[in-house]
Amino acid sequence: MTARPRRSEREQLELFRALPSDLAPRDAQDLMAYPFFSLSKSHRVEPIDFRAGEIAIRVEAVPEHGMATIWDADILIWAASQIVEARDNGFRTSRLIATTPYEILTFIGRGTGARDYRRLRAALDRLQSTTVATTLRQPPANPRSRIEPNSVAPATGRRMHRFSWINEWTERADAFGNPDGIELIVPDWFYKAVLDEALVLTIDRAYFGLTGGIERWLYRIVRKHGGRQKRGWRFDFRHLYVKSGSLSPFKRFAFELRAIIQRQPLPGYSLFLEIEAGGRTLLAFEPTPCGQAVEAVVLSGTRTIVPSGTDPSCYREPKPHLTSSAQSENRPLNLESNKESNFCRGVPSGENRSPTGQKEEKHGRPTAFTERDDDAASKSDPARTGAGDAS
């Protein structure tokens, strides 16, 4: 008896046609909190390996296309925004989405010229060819099951889920063979996270105007962990370094963080540098009432001030002191929301090189650290999910 041919994934999914692009941008919290993307536009094939408690993430790229970048992730923000908006308006959604390059490009603040269309195709190729293996939001592993020696499951105790950011994509044509848009299929792991209302946050549209990879990554971290809490949040520099997945040496990463603090480019947040008595360097931030971004280029020697609500003016370099605000002391730890997620365990404080730091600088990438499961902590602490915000 002849076996029936298996239906393709596209044939099994109902087509969802994208809505008009005048939507609030939404981002998936998992993608905001963990290192899933390259922070550089340069061709990266070095994998990202991240472990924290029971969370393990490994991102791999193919040499032909390289790893998906944080700019490529704008397409996933567009997809998440489409799915949430359709659900909220009573439309049936699907992982198979039909749209046009123009709709995506205008939503994420890009141009619509021939070069922009070519870059969009390259981004779709990187998202499709980049593979992710993670235990995030996965059930416990079966202790009796056979586990491969190189698998991360033995260390985390959870099952692995492997996927690509886009299962497949294709260019559509009308009956006359003319280009008629594109179709793409997002993975089930991403789709389920987006449909869970607690795992999506609205982001500031000014995010798409951030030009630096670390700036974009930092905004997503800040938005995810800080939400709009009046007391803000604090991160240890080394903790941020590990969570970034950056290939830069720690010293270079810390230098860029300090430059970002000076420029104040993140929409809706003010950044501060704090140093504890033991030498630990912290990045603190608080929401700003105006929510406007400061100019990315900082001028010096000018008497003109920037109408952005910052104090002091970002056009004047602040005098060295504990923070860039009027406070003369470090903020309290805000322990009811910080838990233990802000600091590396087993890593010496501060930016001075240590055996761990030397190893990081030698290999050019962070090593794993131990902490409580961020995912589990977020379930018991509404502040960690940006509670109080509309998705």
Side-chain angles (χ1 to χ4, degrees), residues 16-32 36-42 65-88 93 95-130 164-167 169-172 179 181-187 190-191 193-194 199-224 265-268 291-293 296 391:
F16 164 57
R17 295 191 178 276
L19 303 174
S21 294
D22 188 18
L23 314 174
R26 277 109 168 185
D27 204 351
Q29 290 192 43
D30 292 339
L31 276 60
M32 301 167 78
F36 283 111
F37 303 98
S38 171
L39 303 185
S40 171
K41 291 183 179 179
S42 60
H65 299 293
M67 184 176 294
T69 70
I70 198 164
W71 291 271
D72 300 337
D74 289 356
I75 298 173
L76 298 177
I77 295 176
W78 169 85
S81 306
Q82 285 284 335
I83 294 169
V84 172
E85 185 73 14
R87 180 204 62 192
D88 291 349
T93 64
R95 294 193 292 115
L96 173 60
I97 307 174
T99 186
T100 63
Y102 178 84
E103 290 175 333
I104 297 178
L105 290 170
T106 54
F107 180 84
I108 62 178
R110 310 280 178 88
T112 55
R115 185 175 65 170
D116 300 295
Y117 282 84
R118 289 195 298 269
R119 288 178 173 176
L120 177 63
R121 292 187 183 96
L124 290 168
D125 285 339
R126 283 189 294 270
L127 290 168
Q128 194 275 328
S129 61
T130 298
S164 296
W165 289 119
I166 291 179
N167 287 10
W169 74 277
T170 184
E171 293 181 298
R172 296 188 289 117
I182 58 176
E183 291 179 2
L184 56 90
I185 302 176
V186 296
F190 173 79
Y191 185 69
V194 169
L199 294 178
V200 178
L201 288 176
T202 303
I203 63 173
D204 196 309
R205 185 165 290 279
Y207 164 79
F208 296 119
L210 297 177
T211 57
I214 291 185
E215 289 177 359
R216 285 172 153 250
W217 163 80
L218 186 60
Y219 172 80
R220 299 174 90 187
I221 282 279
V222 166
R223 178 68 184 92
K224 162 65 174 70
L266 302 194
Q292 295 177 329
S391 62

Query raised in the report: Between A193 and L199, which heavy-atom pair has the shortest distance, and what is it?
Result: O-CB, 3.2 Å

Query raised in the report: Is there a side-chain contact between I70 and F36, using heavy atoms and a 4.5 Å cut-off?
Result: no

Report summary line: What one should report as the nearest heavy-atom pair of I108 and D74 is CG2-O, 3.6 Å

Query raised in the report: With a 4.5 Å limit on heavy-atom distance, are the side chains of E85 and R26 in contact?
Result: yes

Query raised in the report: Taking atom CZ of R172 as the centre, does the number of heavy atoms from other residues, nucleotides or ligands within less than 6.0 Å exceed 12?
Result: yes

**Report entry** Straight-line distance of T69 OG1 to W217 CH2, nearest 0.5 Å
**Finding:** 16.0 Å

Requested in this report: Hey, could you give me the CZ/CD1 distance between R205 and I77, rounded to the nearest 0.5 Å?
Outcome: 10.5 Å

Query raised in the report: Would you say Q82's side chain and L19's backbone share a donor-acceptor pair under 3.5 angstrom?
Result: yes

Requested in this report: Kindly compute the distance separating CD1 (I166) from CD (E183), expressed to the nearest 0.5 Å.
Outcome: 12.5 Å

Query - Heavy-atom closest contact (A18 atom, E103 atom, distance) - result: CB-OE1, 4.0 Å

Report task. Report the C-alpha distance between L127 and W169 in whole Å, list the side-chain angles of each, state the deciding distance to 0.1 Å, and finish with yes or no for side chain to side chain contact (heavy atoms under 4.5 Å, CB included). Result -> CA-CA 10 Å; L127 290 168; W169 74 277; over 6 Å; no

Query raised in the report: Do F107 and F208 come close enough that some side-chain heavy atom pair is under 4.5 Å?
Result: yes

Query raised in the report: Is there a side-chain contact between W78 and I97, using heavy atoms and a 4.5 Å cut-off?
Result: yes

**Report entry** Residue pair P101 / G181: nearest heavy atoms and the distance that separates them
**Finding:** CD-CA, 4.1 Å

Report task. Decide side chain to side chain contact (heavy atoms under 4.5 Å, CB included) for L31 and W165; before the verdict, give the C-alpha distance in whole Å, the side-chain angles of both, and the deciding distance to 0.1 Å. Result -> CA-CA 11 Å; L31 276 60; W165 289 119; 3.9 Å; yes

**Report entry** Any side-chain heavy-atom pair of L201 and D27 under 4.5 Å
**Finding:** no

Query raised in the report: Atom CZ in R223, atom OG1 in T202: separation rounded to 0.5 Å?
Result: 6.5 Å

Report task. Please tell me if the side chains of I182 and I104 come closer than 4.5 Å, counting only heavy atoms from C-beta onward. Result -> yes

Report, one line per pair, each donor and acceptor closer than 3.5 Å where one atom sits in a side chain of residues 112-119; sequence neighbours left out.
residue : atom : partner : partner atom : Å
D116    : OD2  : T112    : N            : 3.4
D116    : OD2  : G113    : N            : 3.0

**Report entry** Heavy-atom donor-acceptor pair, Y219 side chain to D204 backbone, under 3.5 Å
**Finding:** yes

**Report entry** Nearest heavy atoms of E171 and R121, plus distance in Å
**Finding:** OE2-NE, 2.7 Å

Requested in this report: May I have the step-by-step check of side chain to side chain contact (heavy atoms under 4.5 Å, CB included) for L76 and F37, ending in yes or no?
Outcome: CA-CA 12 Å; L76 298 177; F37 303 98; 3.8 Å; yes

**Report entry** Rounded distance (nearest 0.5 Å) linking atom NZ of K41 with atom CG of D72
**Finding:** 10.0 Å

Query raised in the report: Got a donor-acceptor contact below 3.5 angstrom from the S164 side chain to the N167 backbone?
Result: no

Report task. To the nearest 0.5 angstrom, please state how far the CG atom of D88 sits from the CD1 atom of I83. Result -> 12.0 Å

**Report entry** Test log, rule side chain to side chain contact (heavy atoms under 4.5 Å, CB included), inputs L23 and V84
**Finding:** CA-CA 10 Å; L23 314 174; V84 172; over 6 Å; no

Query raised in the report: Backbone N or O of A68 within a donor-acceptor pair of the T130 side chain at under 3.5 Å?
Result: yes

Requested in this report: Please answer whether the main-chain N or O of V186 pairs with a side-chain N or O of R95 as donor and acceptor at a distance below 3.5 Å.
Outcome: yes

Query raised in the report: Which pair of heavy atoms, one from G212 and one from W71, lies closest together, and at what distance?
Result: C-CZ2, 3.9 Å

Report task. Please tell me if the side chains of L210 and L266 come closer than 4.5 Å, counting only heavy atoms from C-beta onward. Result -> yes

